[in-house]
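Here the structure is a predicted model, which means the values were calculated and not measured. First the proteins, then the strands, lettered A, B, ... as listed; each starts at 1.
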Amino acid sequence: MTAATLKPRRFALAADDKPIVIASAFIVVLLMIGTGYTLATQGTMTLLSPNYLLQQLQIGAFLGVVAAGMMLVILIGHIDLSVAWTLAAAAMMATTVGGAWAIPTGLAVGLTVGVINGLGVAYLRVPSMIFTLGVNAVMRGLMVAHTGGFAPQTAATDLMRFLAAERIAGIPMAIFVWLGVSVVIAIVLKRTVFGRTIYAIGNREAAAYLAGMHTRGVIITAFAACGMLAGLAGVLLAGYSTKAYQGMGDAYVLPAIAAVVIGGTNILGGRGKYLGTVVGVILIVLLNSVLSIMQMPEAGRQIIYGVVIISMLLVYGRNQRVTS
Amino acid sequence: MTGSTPDWLIRLRQNAGLASAIALFAAFYLVYNMAHPKGFSPQVFVQNADEAFALVMVAMAQTLPVLLGGLDLSVGAVMTMVNCLASHLVVGSPLQIFFGMTACIAAGAAFGFMNGCIVVYGRIQPIITTLATGAIAIGIALFLRPKPGGKVDEDLSWALTNGLGDFAETYHLFDDGKAAWFQPIAGIPVAFVLLILVVLIIWVPFRRTVIGRTVYAVGSAEGAAFMSGLPVNQAKLAAFTLAGVFAAIGGLFLAIQTSSGNADIPQANSYTLNSIAAVVLGGTSLLGGSGSAIGSLFGALILRVISFNFRIFDIPPLMQSLVEGLILLAAVSLGGLRVLRIKNRLELFR
């Protein structure tokens, strides 16, 4: 290999990388707009201070963990609408059990829900959209019955608080957790048979099955991982706010899907890089934060949020026309 | 068996989803009315029809994108947007009220048309498109009504949410609704009549047009529909626009029913999710290409009648979500049992 043959390669943008580059560029633009605003109104550059950025990443960690699991499910061509109450259920059960078993309980709740989702989708072949919707309603019913519809009185354990809210060397622990999850998911997707099977199923399930892949097992595992990560997010979120509360997961489902898609993952499955999901999460968190710094009313925020998603996808998320 | 299968049996088999939805609804509703102290009375019908109307409309709205093989996550948000718009516009002189209601429906249609344009010309998946435009619709709703409030013409509100007799009395029709021939139908809820009208005037004619048939064809096999020269793009635009219209009718009625506008985000989300559940309970396939808005109508009624039963049997409302979820899971899992009959496993993948 000579330098000459490598050169064009270095500058050509692979189709999978284009969303990541554009989304990253948009993040920089967002930071510039926000900084311009604070410079003009307060004469400070709050947005570029390390403390602000770390805080955003800490908030982003919860969405990031949910989005990581959501991405696995979207990559196989499915979707998980049950994460809202899986997250809340994991948080509530973790705080109820308390003590050393709090975190394992939360993860186990998530895992169980994920396995049920996976069984329904892989064996009964029920569309994931409706099956997870039903499971979500059941989890909500169970949790409302468990708590009586009130905010649970139980508190998060010290370890949960440490993982979600404490800092080590100035860096929030939640970022380390997100980083750990990210490294594992990235390696699994890129380097393991399981990861490659996920992409294969997302592209054409029948072909993956005929090629002798264990499609059912992989689907169940992907849903189980998604459920468990939602459980982890619930445990972290309960630690961050020191307790679990009703509807704590509702604000995470659609943003998680949006983050995955903005990161360039095809909503029909089979294509997308994990790095894109991380970029998508940061973009969404930063967009919210910049808009709230600019004191944009909720109405404007919602509209801008929708317009941004549509415009980003119009740039790089368009499908082929179906003509044959 | 050849040649001897009666015609009605074939039709029943083709509409098994719809038939079981109707049966389930009828069973629940019968139980409800028998347990209700005032069961089978016009007052109960009026109350039930009013409570079910908005969800039925939103479920019918959801049906069209689902028939295309997509999903519309913005129906609840569009309903909420029109609800807030109506709380500004549906007041004043009869002419103003008329134009206000027209503007509300037009706003829903325009929003649906925008969804359709993004899906057709932007070539973005419907579920993602509507996830984003749903946020836009909620934004507009919050802009119109930062706080719940507003006002809707009281006569209209009274007339549309009661029986036909009250409607006639309010607008001085048929001797204030006292005409002898009018009495047998005076107890029929206006909401119920509106529902029939929407089905007969909008849905049935639409389904019989080329565009309507194309919606089904696109859901079954988009490539084949395109190769057959069917108007694929127009069908998609029409489906999303019509979804906007149905959602708008739901929002308008909600405003008339509650006499106010409320940009309630959890309510919008729950209407969207319930609409998906209603569509599936009504026998429409989420893969697209089969089902009907009439099925979704009964799907929505099933969801509503479950909550009626909760009230009448004094079951704690806390259990409602659990039971709704279990019924939904049971219904789709029963449908999923067909996989046991499939001999060639390749037929599972679609």
Side-chain angles (χ1 to χ4, degrees), chain A residues 79 81 85 120 123-127 129-131 133-145 147-149 204-210 215 247 250 253-254 257-258 261 266-268 297-310 313-314 317-324, chain B residues 71 73 118 122-125 127-129 131-144 146 222-224 226-227 232 263 265-266 269 273 276-277 280 285-287 316-333 335-339 345-346 348-350:
Chain A
I79 204 154
L81 295 180
W85 280 91
Y123 279 88
L124 291 175
R125 307 293 306 178
V126 179
M129 184 85 65
I130 194 68
F131 197 85
L133 193 61
V135 169
N136 189 50
V138 169
M139 290 314 290
R140 180 173 157 217
L142 286 177
M143 281 309 113
V144 171
T147 57
R204 196 163 286 267
E205 192 178 355
Y209 169 70
L210 285 177
T215 52
D250 291 348
V253 192
L254 296 186
I257 299 173
V261 174
N266 188 339
I267 188 74
L268 301 178
E298 179 71 12
R301 269 201 242 184
Q302 295 274 352
I303 293 175
I304 291 174
Y305 179 67
V307 170
V308 164
I309 295 178
I310 291 281
L313 291 179
L314 281 178
R318 305 182 69 197
N319 297 310
Q320 292 293 313
R321 202 167 166 212
V322 181
T323 50
S324 62
Chain B
L71 202 69
L73 292 179
I118 297 173
R123 296 206 298 271
I124 302 176
Q125 280 298 320
I127 177 171
I128 292 300
T129 304
L131 185 155
T133 56
I136 297 177
I138 284 290
I140 297 174
L142 281 167
F143 175 74
L144 291 169
E222 187 170 353
F226 178 83
M227 295 299 267
V232 171
I265 299 178
N269 284 338
L273 296 183
I276 303 174
V280 172
S285 161
L286 278 182
L287 301 172
L318 295 177
M319 304 295 290
Q320 186 167 334
S321 170
L322 181 62
V323 173
E324 277 177 7
L326 286 176
I327 288 178
L328 183 61
L329 281 183
V332 293
S333 301
L337 289 180
R338 76 188 161 82
V339 301
R345 269 190 64 187
L346 279 176
L348 287 178
F349 308 114
R350 196 200 134 172

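- Residue A:V307 touches chain B through both its backbone and its side chain, counting heavy-atom pairs closer than 4.5 Å.
- Contact record, A:A299 with B:G139: CB-O, 3.2 Å, taken as the closest heavy-atom pair.
- Here CG of B:L322 is found 5.0 Å from CE of B:M319. Values are rounded to the nearest 0.5 Å.
- Looking at B:L329, only its side chain comes within 4.5 Å of chain A, counting heavy atoms on both sides.
- Looking at B:L142, the atoms closer than 4.5 Å to chain A (heavy atoms on both sides) sit in the backbone and in the side chain alike.
- For chain B, the nearby part of A:I79 is the side chain; its heavy atoms alone come within less than 4.5 Å.
- Counting heavy-atom neighbours within 6.0 Å of B:R123 CZ, excluding the residue itself, gives a total above 12.
- Taking A:V138, A:N136, A:I309 one by one and counting their heavy-atom pairs under 4.5 Å with chain B, the maximum is reached by A:V138.
- Evaluation of the ring-ring contact (aromatic ring centres under 6.0 Å, His included) rule for B:F143 yields no partner, not counting sequence neighbours.
- Side-chain atoms of A:L254 and B:L73, non-hydrogen and from C-beta on, do get closer than 4.5 Å to each other.
- Of all heavy-atom pairs between A:E298 and B:I265, the closest is OE2-CD1, 4.3 Å.
- Within the structure, the side chain to side chain donor-acceptor pair (under 3.5 Å) test picks out no pair touching residues 135-144 of chain B (sequence neighbours left out).
- Looking at B:L131, only its side chain comes within 4.5 Å of chain A, counting heavy atoms on both sides.
- Note on B:A263, B:G122, B:S333, B:S321: by heavy-atom pairs under 4.5 Å with chain A, the leading option is B:S321.
- To the nearest 0.5 Å, atoms CG (B:L71) and CD (B:Q125) are separated by 11.0 Å.
- Of all the listed residues (A:L313, A:I130, A:L81), the one sharing the greatest number of non-hydrogen pairs under 4.5 Å with chain B is A:I130.
- Residues B:A135 and A:Q302 approach most closely at O-CB, 3.3 Å, considering heavy atoms.
- Proximity to chain A (any heavy atom under 4.5 Å) is shown, for B:L144, by neither the backbone nor the side chain.
- The contact between B:I140 and chain A is made by backbone and side chain atoms together, counting heavy-atom distances below 4.5 Å.
- Side-chain contact between A:V126 and B:L286: absent, with no pair of heavy atoms (C-beta onward) separated by less than 4.5 Å.
- Contact of B:V332 with chain A is made through backbone and side chain together, with heavy-atom distances under 4.5 Å.
- Note: A:I310 leads A:I257, A:I310, A:L210 in heavy-atom pairs under 4.5 Å with chain B.
- When each of A:I303, A:V308, A:T215 is checked for heavy-atom pairs under 4.5 Å with chain B, A:I303 comes out on top.
- Residue contact with chain B, scored on non-hydrogen atoms closer than 4.5 Å, involves the backbone and the side chain of A:V135 alike.
- B:L328 places none of its side-chain heavy atoms less than 4.5 Å from the side chain of A:F131.
- Within the 4.5 angstrom heavy-atom criterion, only side-chain atoms of A:V261, from C-beta onward, approach chain B.
- For chain A, the nearby part of B:I118 is the side chain; its heavy atoms alone come within less than 4.5 Å.
- Of the atoms belonging to A:Y305, it is side-chain heavy atoms, and not backbone ones, that fall under 4.5 Å from chain B.
- Heavy-atom distances place the side chain of A:I267, and not its backbone, under 4.5 Å from chain B.
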